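See below for the structure under consideration.
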Amino acid sequence: MEKQEDCLVIGGHRFYSRFILGSGKYSLQLIEAAVRDAGAEIVTLAVRRANTKEQENILDYIPKGVTLLPNTSGARNADEAVRIAHLARELGCGDFVKIEIMRDSKYLLPDNGETIKATERLAKEGFVVMPYMYPDLNVARDLVEAGAAAVMPLAAPIGSNKGLATKEFIQILIDEIDLPIIVDAGIGKPSEACAAMEMGAAAIMANTALATAGNLPLMAAAFKDAIAAGRKAYLAGLGRVLTRGAAASDPLTGFLHD
Amino acid sequence: MVRINGEDKAAAGKSLCDYLQEAGYDRRAIAVEYNEVILPKQDYETTVLQDGDVVEIVCFMGGG
Amino acid sequence: MENQFFVDSEKLSDGALAKKHQLEQDPASRKDPLEYFPDMEQIDSPVRARVIAAMEAYDYASYTAADVRRALNHDSCTVEDFKALLSPAAQPFLEEMAARARLETSRHFGNTVYLFTPLYIANYCENYCVYCGFNCYNDIKRLQLDAGQIEHEMQVIASSGMEEILLLTGESKTKSNVSYIGEACKLARKYFKNVGLEIYPVNTEDYRYLHECGADYVTVFQETYDLKKYETLHLLGHKRVWPYRFEAQERALRGGMRGVGFSALLGLSDFRKDALATALHVYYLQRKYPQAEFSLSCPRLRPIINNDKINPLDVGERQLCQILCAYRIFLPFAGITVSSRESAAFRNGIAKICATKISAGVSTGIGDHEEKYTGKDEARTGDEQFEICDTRSLEAMYADMVAEGLQPVLNDYLYV
C-alpha cells in the first residue's frame with residue numbers, strides 16, 4: 001500500500017490534527033494553553049448577545065492560524081440556525097459553521113429534521129457546514145445530499161462525559177457515509193476518544209471533558225495523544241481478537257467436488 | 001424607544017456608531033443585526049436609530 | 001482462446017459468413033464498445049469509474065494469510081478485507097469463510113431459501129456474443145411465444161405451485177420489443193406474486209413502463225468487467241456497448257424497480273477481478289440507492305449447442321464457493337442466486353452457507369414447459385440457451401430443501 005499523507009479534509013481544507021477543541025465553560029486565559037497542548041487546528045465558538053460590561057474578546061485569546069468553527073447553539077429551528085450562521089460570518093471567522101439545533105432544553109438533543117433543512121440552506125450559500133446530529137443513518141444520508149462537509153454524531157448526551165453510548169450507530173455511519181464522521185458530544189475520557197478513532201472516526205470534538213478536568217492543558221494533551229494513537233491503530237488495521245471462538249461442527253464445505 | 005438586545009433604550013435619533021461608542025462596545029468584536037438584517041460595518045455611521053427599531057448586537061464567546 | 005468459440009453454421013449465406021469472419025478476425029471492423037447508440041440514454045454516474053479503477057488496481061497476489069485472518073475477524077468487512085477474502089491466500093480458509101458466511105446469511109435471511117423459475121419467452125437475438133447459444137449467427141430453432149402461448153406456459157408453471165417468475169428474452173429489440181415484454185409482465189402478474197426480468201438493457205423510461213406492467217426486479221449480467229476481453233467476445237449488436245450495459249441497474253432503479261441483480265460470467269476473464277468488480281458494482285450502487293434490493297448471481301461457462309469444445313478459464317467448485325462466501329461476508333444484505341447450471345449437490349451445500357435463492361423446474365428452451373412438466377409433446381419449441389445440470393422440479397426441490405434443514409419460501413413479497 002502506498003504511503004499517503006494522513007490528513008483530515010473538510011470542505012477542501014486540510015487539517016493534520018484530528019482534535020476539535022471546544023472553548024466553552026472555562027476561562028479565556030486557559031484557551032491558549034489548551035489549544036497548544038491539544039495541538040488543535042480547529043476551535044469551536046458560540047455566538048451570543050454582546051455584553052458591554054465584558055470588554056474581553058475571545059478572538060484575542062485564540063492563537064493565529066487556528067480555524068474558527070462557530071456553532072449555532074441557541075437555535076431552536078433551521079431559521080434561527082441560518083440567522084446565527086450569518087451573524088457568525090459577519091463576525092469575521094470564515095465560512096465554517098457547526099449546526100447545532102436543539103428543540104429540547106432538558107436533554108439538549110439535536111433536532112435532526114431541522115438540522116437537515118439548515119444544512120441545505122447554508123451549504124447552498126457556500127458555508128462549510130458541519131452538522132451536529134443524533135446518529136441516524138437515514139438522516140446522515142440526507143445531510144450528505146444536503147451538502148454537508150462532515151457529519152458530527154453525538155456519542156452521549158452533551159456535557160455528560162458518558163462516553164460512546166451510541167457506538168453501534170456511529171460505526172454504521174462510519175461504514176456507510178462517504179464524509180468525515182466527527183464524534184461530538186459526550187466523550188468524557190481520552191480512552192473513549194481513542195476507541196472512536198480506532199473505529200474509524202475522522203476526528204473528535206471535546207469540550208466539557210476538558211473544561212471539567214483537574215488540569216485542563218494536561219487533559220488536552222492526553223486527548224491529543226489518545227486521538228493520535230486511535231488514528232494510528234485504525235490505519236494499521238486492528239489485529240486478531242480471540243473472542244470469536246470457532247464452534248466445532250460438521251464441515252460446511254464437504255460437498256465440494258474438486 | 002429602540003429595542004437593543006432585548007431591552008428598550010432611549011436611543012432614537014442617534015447613529016448606530018455613536019450608540020455603540022457610548023455604550024462601550026468594541027466594534028472589532030461585534031456584529032449587528034438591524035431589523036433582522038445584518039448590517040455591514042461601513043453602514044454603522046449612516047444608520048440612524050428610530051423608534052421601534054430592533055437591534056441585536058452579538059459577539060463570540062466560548063462554546064462547544 | 002477466442003477461436004474455440006467460433007462456429008460457422010452451414011446455413012449462413014456467403015455474405016453473412018464473410019461479415020462474421022471479418023468481425024472475428026479484424027478488430028477494426030467492430031464498433032467502438034464505449035460509443036453509445038443514438039437511442040441509448042446516457043446517465044451521469046461516477047460508479048463505473050470507481051469500480052473499474054479498483055478492479056484494475058487489484059493485485060490479489062499481494063494478500064497474505066494474515067490479511068485473510070484479519071478480514072475474518074472484523075465485525076464489518078471493508079473493501080480491503082473483501083479483496084483479501086477473494087485472493088488465493090484465502091483458499092486454505094474456505095471452511096472458516098463458510099462458517100462466517102453462514103453466520104451472516106442467518107443474520108439477514110434466517111434459514112430461508114427462495115425458490116423461483118425462469119421462463120424464456122423468445123430466443124431471437126441481434127447480438128453476436130461468441131460464447132452464447134442464442135447468438136445471431138448460431139443455427140438454432142428461433143421462437144417467440146405469443147400472448148396465448150405465454151399464458152399457457154405460465155399456467156403450467158403456476159399449477160406446479162411456483163409464485164415467483166423470471167422472464168427472459170434473447171436480445172432483440174425489434175422482435176421482442178418493450179411493449180411485447182410489458183404484455184408478458186401483465187400476464188405474469190396474473191399468475192405470480194413476483195415478476196423479475198432478464199432482458200436486454202433499456203432506458204429509464206422503458207424500465208418505468210415495465211415496472212408499471214408488473215415487473216419489480218431487473219437482472220443484467222455484465223459478463224465481464226474487463227473491457228478489453230469484453231470487446232473480443234461481444235462483436236456485434238447493442239450488447240457490444242459496454243458502459244450502457246454497466247449502467248442498466250442504475251437506470252432500472254431510477255425507473256422505479258425495487259431490486260436489481262448483477263453478475264459476471266465467471267471464466268470469461270480473470271474471475272477474481274470480475275468477482276471484485278461485480279461486488280463493488282453492488283457496493284457503490286447500494287450506497288447511492290440505499291432503498292434498493294440487490295442480488296448477485298454466479299454463472300460459470302457451460303457447454304452450448306453446436307459447441308462442446310469450450311474450455312473456460314478454470315473456476316472450480318472450491319473457487320466458486322470462495323467467491324460466494326466472500327460476496328456474502330462483504331455484502332451480507334445481498335441476495336445470492338445459484339442457477340440450475342450447478343449440480344444438485346452443489347446447490348444443496350451452498351444454500352446452507354450463503355445462497356438465498358435457487359431455481360427449480362427449469363427449462364432454458366422456449367415453449368416447452370408442458371413437455372417438461374407433464375411429458376406431453378409440444379409441436380414447436382425453440383432451442384435452449386445452455387444445458388442445465390440440476391433438473392429438479394419444484395416439488396422435489398422443496399422436499400430436498402426441507403430435508404437439508406432449510407425453510408423454502410415461495411414468496412413473501414408485496415408489490416407496491
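Just so it is clear, the model here is predicted, and its values are computed rather than measured. Chain letters run A, B, ... following the sequence lines, proteins first and then strands; every chain starts at 1.
- One finds no salt bridge joining B:Glu45 and B:Lys14 here, because no Lys/Arg side-chain nitrogen approaches an Asp/Glu carboxylate oxygen to under 4.0 Å.
- The cationic atom of A:Lys98 (NZ for Lys, CZ for Arg) lies less than 6.0 Å from the six-membered ring centre of A:Tyr132 and within 45° of the ring axis.
- In terms of non-hydrogen atom pairs under 4.5 Å with chain B, the most contact-rich of A:Ile58, A:Val47, A:Ile158, A:Leu91 is A:Leu91.
- Looking only at heavy-atom pairs under 4.5 Å with chain B, the residue among A:Asp184, A:Ile62, A:Asn71, A:Leu87 that has the most is A:Leu87.
- Judged by distance alone, the side chains of A:His86 and B:Glu33 never bring a donor and an acceptor atom under 3.5 Å apart.
- In summary, A:Glu192 and A:Lys189 engage in a salt bridge, as defined by a charged side-chain N under 4.0 Å from a carboxylate O.
- Only the side chain of B:Ile38 has a heavy atom closer than 4.5 Å to any heavy atom of chain A.
- The pair A:Glu80-A:Arg83 does not count as a salt bridge, with every side-chain nitrogen at least 4.0 angstrom from each carboxylate oxygen.
- At a threshold of 4.0 Å, the pair B:Asp26-B:Arg28 counts as salt-bridged, since one of the basic side-chain nitrogens sits closer than that to a carboxylate oxygen.
- The heavy-atom pair separating A:Ile187 from A:Asn161 by the smallest distance is O-OD1, 3.8 Å.
- Ring orientation note: the planes of A:Phe96 and A:Phe15 are nearly perpendicular, at an angle over 60° on the 30°/60° scale.
- Contact residues of residues 20-28 of chain A toward chain B are A:Gly22, A:Ser23, A:Gly24 (heavy-atom distance under 4.5 Å).
- A salt bridge is absent between B:Glu7 and B:Arg3; no separation between the charged side-chain nitrogens and carboxylate oxygens falls under 4.0 Å.
- Looking at A:Leu59, the atoms closer than 4.5 Å to chain B (heavy atoms on both sides) all sit in the side chain, from C-beta outward.
- Note: A:Arg48 leads A:Glu90, A:Arg48, A:Glu100 in heavy-atom pairs under 4.5 Å with chain B.
- Residue B:Leu20 does not touch chain A at all, counting heavy-atom pairs closer than 4.5 Å.
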